[in-house]
Amino acid sequence: MSALCVSAQIKIVDMTDSSTVHAASVFISGNRCVGVSGADGLLPLPKGYKGKVTVNHINYYEKEFLADTVSSGVVMLKPRAYAIPEVEAMVGEPDYLVISAYCRAYIYTDSVPTSFREGLYDYYLPIGSVGSEEHPSLSSLLERLIGKGRVRCKTRSEKNVRKEGESYYSSLPLLSWYYMLLDRLPKSDIVTDKASDKVVSRGWKGSVLGLKNDTVNKTFTAYCDSAYTGADSLTVKFFGYKVRFIGCKEGEVYSTKYGQPKLSSLLRRYYYLNAKGKAPGKNPMTSIDMYEELYVTGVRYATKAERKAAMKDKTAEPLVVPADVPPLSKPLEEAVSQMKP
C-alpha cells in the first residue's frame, strides 16, 4: 500500500466543491520549488518523492503534508476569504478608476529563491479605455501604452532584494492592465447564479482560457493555463540573450457579492511564468520561475488633476503588508530574510 501511495500522482482540490486547483506553487524539502499544479490539479513532484510538500496558492490557505501519507491521492485546500474593498462614490466626471494594491513578485533560479519584490501601488486606469473592449486592436493597445489612455502607476512604497551575485531579479511587474482575461470570456459564459468550472476556449501557443464561479464564497475567477507547454514553447533571442518560455499561468479573481464581475470588483490577480534563460557567452540555459501576486486593498475614482498631484508627491510611506494578505510560504520567507538590496 505504501508503494502505491508513493507512485501515484497527488492532486489538490477545493475543499468546498472538489474542483481542481491550478497554478498552486509546490515546494519540497530543501526550500526548493518544483513548479505549479496543472489544470488537472496534479502536483509536479519528483518521481518517488516521499518527503514534505508545501502547497501555496493566492486563493487558499497554505497546506503542508508528507507525500507518502496521501493514501487517497487527493489533498484538499481551504479557500481563503478576502474583504471586499469599499468603492468611493463617483462624483462629477472622474477620469480614472484607481485601484490600490499590494503586489509582490519573486523569482526562482534552478528551483532556488533568488529575488523578491513587494510594494504598495496605486494604479490609475483611464475610464472607458481599460477593460471595456472585448477584443482590443493593436492600435488601441499602443494608445494605452503611450497615449491618452495610458495606465499610470504611483509607487507608494517598495522593497526589492535579491540573493548576492544573482543576475535575475524582479525589476518590472509582469502583470499588465492592458490585457484582462475577463474581457476575453464570452459574455454568455459569465453567469454568477450557478456554480461552474470549465474551459471556454483553447488558443495561441496552447493556452487554455477557463472560468470558475464559486457561489459559496461569491467569487468569479477567469484564468489562463498551459500556455507555451510542450511543442508550443516559444524561444526569443535579443542582444545575445536567449529565453525559451515553457509554461505560463495567470488568473483574476472578482467578487460577485453585489453582481456581475467587473474591474471595480477585482480582488486579486496572479501570474506565473516558467522559462529557461541564457546570458551572452558560453553560459548554460538556466531554469527560471517567475511569480507575481496582486491583492486589491481599495478602489476609488480620481480626476486628472488628482492623479498629477499624486504623481508629484514623492513622500514614501511605511511598507505595511495588509492584514488579509496570506503570508509567504515558509521556505520562501526563510530565503527572503537572507537577501539584500
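These numbers were taken from a predicted model, which means no experiment stands behind them.
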Practice item. Start with the C-alpha distance between V296 and L267, add both sets of side-chain angles, then the distance that settles side chain to side chain contact (heavy atoms under 4.5 Å, CB included), and finish with yes or no. Key: CA-CA 5 Å; V296 177; L267 293 174; 5.7 Å; no
Exercise for review: Could you list the residues that satisfy ring pair (Phe, Tyr, Trp, His ring centres under 6.0 Å) with Y60, not counting sequence neighbours?
Suggested key: H57
Review point. Do L209 and R202 touch side chain to side chain, with heavy atoms closer than 4.5 Å?
Key: no
**Study point:** NZ (K218) with more than 12 external heavy atoms under 6.0 Å
**Key:** no
Study note, to complete from the structure: In terms of heavy-atom contacts, N217 and D214 come closest through ND2-OD2, 2.8 Å
Exercise for review: Please work out whether the ring planes of Y123 and W177 are parallel, tilted or perpendicular, with thresholds of 30° and 60°.
Suggested key: tilted
Check your understanding: Can you name the closest pair of heavy atoms from P318 and S157 and give their distance?
Key -> O-OG, 3.9 Å
Practice item. Side-chain contact test, heavy atoms from C-beta onward, threshold under 4.5 Å: evaluate it for Y270 versus Y223 and give yes or no. Key: yes
Practice item. Using atom types as modelled and distance alone, determine if a side-chain donor or acceptor of S265 lies under 3.5 Å from a backbone N or O of Y254. Key: no
Point to revise | Pair R156 + D122: basic N to acidic O under 4.0 Å | key: yes
Check your understanding: Does any N or O in the side chain of D189 come within less than 3.5 Å of the main-chain N or O of V200, such that one atom is a donor and the other an acceptor?
Key -> no
Practice item. Please report the shortest heavy-atom distance between T16 and P79, naming the atom on each side. Key: OG1-CG, 3.3 Å
Check your understanding: Looking at residues at least two apart in the chain, or sitting in another chain, which of them share a side chain to side chain donor-acceptor pair (under 3.5 Å) with Q338?
Key -> none
Practice item. Compute whether any side-chain donor of one residue and acceptor of the other, for D313 and T315, lie under 3.5 angstrom apart. Key: yes
Study note, to complete from the structure: Paired with V26, the side chain to side chain contact (heavy atoms under 4.5 Å, CB included) test is passed by just one of N56, L45, V36, namely L45
Check your understanding: Of the options R307, R152, R300, E306, which is the one that meets Y96 in a side-chain hydrogen bond (donor to acceptor under 3.5 Å, both in side chains)?
Key -> R307
**Study point:** Close side-chain approach of S287 to N274, heavy-atom, < 4.5 Å
**Key:** yes
**Study point:** Check: N213 side chain, T192 main-chain N or O, donor-acceptor pair, under 3.5 Å
**Key:** yes
Revision key, fill the gap. Heavy-atom closest pair (P322 atom, T297 atom, distance to 0.1 Å) is CG-CG2, 3.6 Å
Exercise for review: For the residue pair Y291 and Y108, categorise the inter-ring angle as parallel (less than 30°), tilted (30 to 60°) or perpendicular (more than 60°).
Suggested key: perpendicular
Review point. Is it true that E292 and R117 make a salt bridge, defined as a side-chain N closer than 4.0 Å to a carboxylate O?
Key: yes
Review point. Looking at side-chain heavy atoms only, is the closest gap between E62 and P326 below 4.5 Å?
Key: no
Practice item. Would you name the heavy atoms of A302 and V98 that are closest together and state the gap between them? Key: CB-CG2, 3.6 Å
Check your understanding: Would you say the side chain of L77 lies within less than 4.5 Å of the side chain of V55, judging by non-hydrogen atoms?
Key -> yes
Point to revise | Any side-chain heavy-atom pair of Q9 and D40 under 4.5 Å | key: no
Check your understanding: Got a salt bridge between D95 and K304, using NZ or NE/NH1/NH2 to carboxylate O under 4.0 Å?
Key -> no
Review point. Looking only at atom types and distance, does a side-chain atom of T219 sit under 3.5 Å from a main-chain N or O of V253, one as donor and one as acceptor?
Key: no
Review point. With a 4.5 Å limit on heavy-atom distance, are the side chains of C224 and V208 in contact?
Key: no
Review point. Do the side chain of R268 and the main chain of V325 share a donor and acceptor less than 3.5 angstrom apart?
Key: no
**Study point:** Partners meeting ring pair (Phe, Tyr, Trp, His ring centres under 6.0 Å) with Y271 (sequence neighbours left out)
**Key:** none
Review point. Does a side-chain heavy-atom distance below 4.5 Å link M76 with D14?
Key: no
Point to revise | Cation-pi geometry met for K78 and Y61 (6.0 Å, 45°) | key: yes
